[in-house]
Asker: 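Got a structure for you, questions after.
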Amino acid sequence: MTTILAYDFGTTSLKAAVIEDGRLVAEANSAYPIRQEQPGWAEQDPDLLWDAACQAGRRALEGSQAGEGASRVVDAVVFVAPWKAIIPVADGAPLRDAIIWMDGRAAAQADRLNAAVGEFVGTGQEYWPRLMWLKESEAAVWQRAEWFMGMTTYLRWRATGVVVTEPSDDFMRSEASMVAARLQAVLRAAGLDGDVDRFPPVVASTSIVGRVTAEAAAQLGVPEGTPVAAGFGDLPAITVGADAARAGDVHIYFGTSSWLSVVEEAHTPIDAPLHFALDENTRAATFALQTGCLAYDWIVEQMYGAEKAHLNDGIQQLVNAEVAEVPAGADNLLATHWLNGELPPLSKSAKGLFLNLTTSHDRRHMVRAMMESICYSHRASLARWEEQTGERRDEVRVVGGGAVSTVWMQMLADVLGRTVVVPNAPRYAGVLGAYACAETALTDAGGAARVVASSERPVARFTPDPANVPVYDRLFAISQRLFPALSEIFADLNAPATQEGTVVSP
């Protein structure tokens, strides 16, 4: 038996799970704040995240031992966390709070960088402009820093004292986000080419990078010397946990943010808003939605707030039952899920709306229309990839919290016109991917280029309803006309806050 203590960090909360031979034994959650001192800023205290990991991990371990005659032995620990955090470290401690992925403070630096490179590299939310901001605005911190760590690097370092990163969070050298020549051009234009040595060396995700120190063991609740796997960022962990990590695999993640990813060989020229590395040979082209299930949660809170206060998690059963009463297309009601703006080909200025609302519609229609809007966006992304490659996928795997809804998954199958496959335990794709990574590290000594979760997990399959497909074909085509028709109005309404092309994370 292989038992792994796996941590899956999100932006505001984490899951700690004890997984034994691919079976979830126990879990615990913990939350932590985002500090936003100024508009567009987003920071977190790395020490608070470490403390949250220690607390949640110990609770999960305690839960796994309930009814056991002896303490459960943990064979390895692995961390998964959002990418693109910036944590300057010196003398064994962070020099400031982490500037996390959703921080957009570096708009001026992004404008300069885009102009210097001669093409769009990113907004003030992108990694390189935020590094430029730190170097220019906090020179003393920059000069003092011995290392610039990402979040997973920091967590591994706290556990082992070893400073390494892995391909999915190595933006200074990785070819995941751009070819090497362009990356070098970006580093030169950003004035960062002389700082590369202060970014951690790279090891395979499936490596054992070190062992838990005595201090960390007392905090985490595992024995000193427990192996720690390199792990990877949240996007590749979910890809692996979805069993969608082979070249050509397609999956959709239904979480707070949402995305469609296609795994490809590292040098395949796919035009996508984002790319992330799985290993040195494989990456994923990613078509991301800044706001995914967050929009669903928002509309449910607005329409079903009173019931939610009494039913708590049971609210989902009520909402699904009522949404299922509404016909496909929500009686010609369209919505947009763009509550926080969106990536190109849309805009940060794009926002949510309901179109064609009448007195015949009620809250059921509004929730269904919002759910359908997310499905339309994923259909547009799938079409964008298929048009570039000339390929077609008749099946799409789906994971994340939204994948638990059978009503939504049938809706997605009808909108895509493809079979939707939902593996067992779709909410736990991140920790299952982390487990697969650590198990491979233990059994193969990091030799495997890519880890793939077990394909033997039970799945649910949703096939398109022939009666609904033409309804959704028509409404999808209309939905694609909304942003072109309204882009100037959105820009006028939201001009002071407009930034093109932001980046997402779960």
Asker: Within the 4.5 Å heavy-atom criterion, are L49 and M151 side-chain neighbours or not?
Answerer: yes
Asker: Give a yes or no on whether the backbone of K84 and the side-chain of R130 come within a donor-acceptor separation of less than 3.5 Å.
Answerer: yes
Asker: Measure the shortest side-chain to side-chain distance between E43 and W41 over non-hydrogen atoms and say whether it is less than 4.5 angstrom.
Answerer: yes
Asker: Mind checking the CG-CD1 spacing from L334 to I478? Nearest 0.5 Å is all I need.
Answerer: 6.5 Å
Asker: Where the side chain of Y435 meets the backbone of G22, is there a donor-acceptor pair that is under 3.5 Å apart?
Answerer: yes
Asker: Of all heavy-atom pairs between C293 and I374, which one has the smallest distance, and what is that distance?
Answerer: N-CD1, 4.4 Å
Asker: Do the side chains of R379 and E386 get close enough for a salt bridge, i.e. N-O under 4.0 angstrom?
Answerer: no
Asker: As a quick check of understanding, evaluate side-chain contact (heavy atoms from CB on, under 4.5 Å) for F287 and L382, giving each step before the final call.
Answerer: CA-CA 8 Å; F287 302 84; L382 184 62; over 6 Å; no
Asker: Does any N or O in the side chain of D193 come within less than 3.5 Å of the main-chain N or O of Q184, such that one atom is a donor and the other an acceptor?
Answerer: no
Asker: Is R392 atom CZ crowded by more than 12 heavy atoms from other residues, nucleotides or ligands, each under 6.0 Å away?
Answerer: yes
Asker: Parallel, tilted or perpendicular: which fits the ring planes of F79 and Y7, with parallel below 30° and perpendicular above 60°?
Answerer: parallel
Asker: Would a distance-only check, ignoring hydrogens and angles, find a side-chain to backbone donor-acceptor pair under 3.5 Å from Q44 to R35?
Answerer: no
Asker: Determine, stepwise, if the pair N320 / Q316 fulfils side chain to side chain donor-acceptor pair (under 3.5 Å).
Answerer: CA-CA 6 Å; N320 283 333; Q316 302 306 327; 5.4 Å; no
Asker: Does V421 reach the side chain of V396, with side-chain heavy atoms less than 4.5 Å apart?
Answerer: no
Asker: Could you state the interatomic distance from CZ (R368) to SG (C375), rounded to the nearest 0.5 Å?
Answerer: 9.0 Å
Asker: Might you work through the side-chain contact (heavy atoms from CB on, under 4.5 Å) test for T152 and F9, ending with a clear yes or no?
Answerer: CA-CA 9 Å; T152 50; F9 281 75; over 6 Å; no
Asker: Looking at every non-hydrogen atom in both residues, tell me the closest pair between A189 and V117 and how far apart they are.
Answerer: CB-CG2, 3.7 Å
Asker: Could you please spell out the steps behind the side-chain contact (heavy atoms from CB on, under 4.5 Å) verdict for F354 and T336?
Answerer: CA-CA 7 Å; F354 286 92; T336 64; over 6 Å; no
Asker: Under the side-chain contact (heavy atoms from CB on, under 4.5 Å) criterion, do I4 and V78 qualify, and how do the steps go?
Answerer: CA-CA 7 Å; I4 307 294; V78 62; 3.8 Å; yes
Asker: Go through R105 and D103 one step at a time and tell me if the salt bridge (Lys or Arg N to Asp or Glu O under 4.0 Å) criterion holds.
Answerer: CA-CA 6 Å; R105 72 183 67 191; D103 187 290; 2.7 Å; yes
Asker: Measure centre to centre between the rings of W133 and W128, then say whether the value is under 6.0 Å.
Answerer: no
Asker: Going by distance alone, is a donor N or O of one side chain under 3.5 Å from an acceptor N or O of the other, for T286 and S261?
Answerer: yes
Asker: Any side-chain heavy atom of I19 sitting closer than 4.5 Å to one from L432?
Answerer: yes
Asker: To the nearest 0.5 angstrom, please state how far the OG1 atom of T239 sits from the CG atom of D249.
Answerer: 9.5 Å
Asker: Donor-acceptor pair, D8 side chain versus A81 backbone, under 3.5 Å?
Answerer: no
Asker: For A56 and L14, which heavy atoms make the closest approach, and how far apart are they?
Answerer: CB-CD1, 3.6 Å
Asker: Quick one about W101 and T11 (side-chain donor to acceptor, distance below 3.5 Å, no hydrogens or angles considered), yes or no?
Answerer: yes
Asker: Over 60° means perpendicular and under 30° means parallel, so tell me whether Y376 and F476 are parallel, tilted or perpendicular.
Answerer: tilted
Asker: So, does T282 use its side chain to make a donor-acceptor pair with the main chain of L278 at under 3.5 Å?
Answerer: no
Asker: Within the distance-only criterion (no hydrogens, no angle test), does the side chain of E119 pair as donor or acceptor with the backbone N or O of N114 below 3.5 angstrom?
Answerer: no
Asker: Hey, what do you get for CG (L187) to CG (D195), rounding to the nearest 0.5 Å?
Answerer: 9.5 Å
Asker: What pairs with A145 under side-chain contact (heavy atoms from CB on, under 4.5 Å), at least two apart in sequence or on another chain?
Answerer: P88, L95, F148, R198
Asker: Could you pull out the closest heavy-atom pair between A413 and T463, with the gap in Å?
Answerer: CB-C, 4.2 Å
Asker: Would you check if D169 and F232 make a side-chain contact, meaning some heavy-atom pair closer than 4.5 Å?
Answerer: no
Asker: Indicate the atoms forming the closest heavy-atom contact of G210 with T160, along with that distance.
Answerer: C-CG2, 3.9 Å
Asker: Sub-3.5 Å donor-acceptor pair from the side chain of E342 to the main-chain atoms of Q290, do we have one?
Answerer: yes
Asker: Can you list the steps and then say if T291 with N340 is a side chain to side chain donor-acceptor pair (under 3.5 Å)?
Answerer: CA-CA 6 Å; T291 305; N340 293 320; 3.2 Å; yes
Asker: Between E27 and Y428, is there a side-chain heavy-atom distance shorter than 4.5 Å?
Answerer: yes
Asker: Looking only at atom types and distance, does a side-chain atom of R397 sit under 3.5 Å from a main-chain N or O of A242, one as donor and one as acceptor?
Answerer: yes
Asker: If every non-hydrogen atom of F462 is compared with every non-hydrogen atom of T406, which pair is closest and at what distance?
Answerer: CE2-O, 3.7 Å
Asker: Mark yes or no for whether R156, through its side chain, and A230, through its backbone, hold a donor-acceptor pair below 3.5 Å.
Answerer: yes
Asker: Does a donor on one side chain and an acceptor on the other come within less than 3.5 Å for W259 and H378?
Answerer: no
Asker: Under 4.5 Å between any side-chain heavy atoms of V422 and V420, yes or no?
Answerer: yes
Asker: From L486 CG over to L346 CG, what is the distance, rounded to the nearest 0.5 angstrom?
Answerer: 11.0 Å
Asker: Per the side chain to side chain contact (heavy atoms under 4.5 Å, CB included) rule, which among P167, S205, C437, S168 passes with P236?
Answerer: S168
Asker: Measuring from atom CG of L482 to atom CG of L353, what distance do you get when rounded to the nearest 0.5 angstrom?
Answerer: 6.5 Å
Asker: Taking the six-membered ring of F490 as reference, does the cationic atom of K351 (NZ for Lys, CZ for Arg) lie under 6.0 Å from its centre and within 45° of its axis?
Answerer: no
Asker: Picking from V323, V319, L412, what satisfies side chain to side chain contact (heavy atoms under 4.5 Å, CB included) with V407?
Answerer: V323
Asker: Taking side chain as C-beta onward, heavy atoms only, is Y296 less than 4.5 Å from F254?
Answerer: no
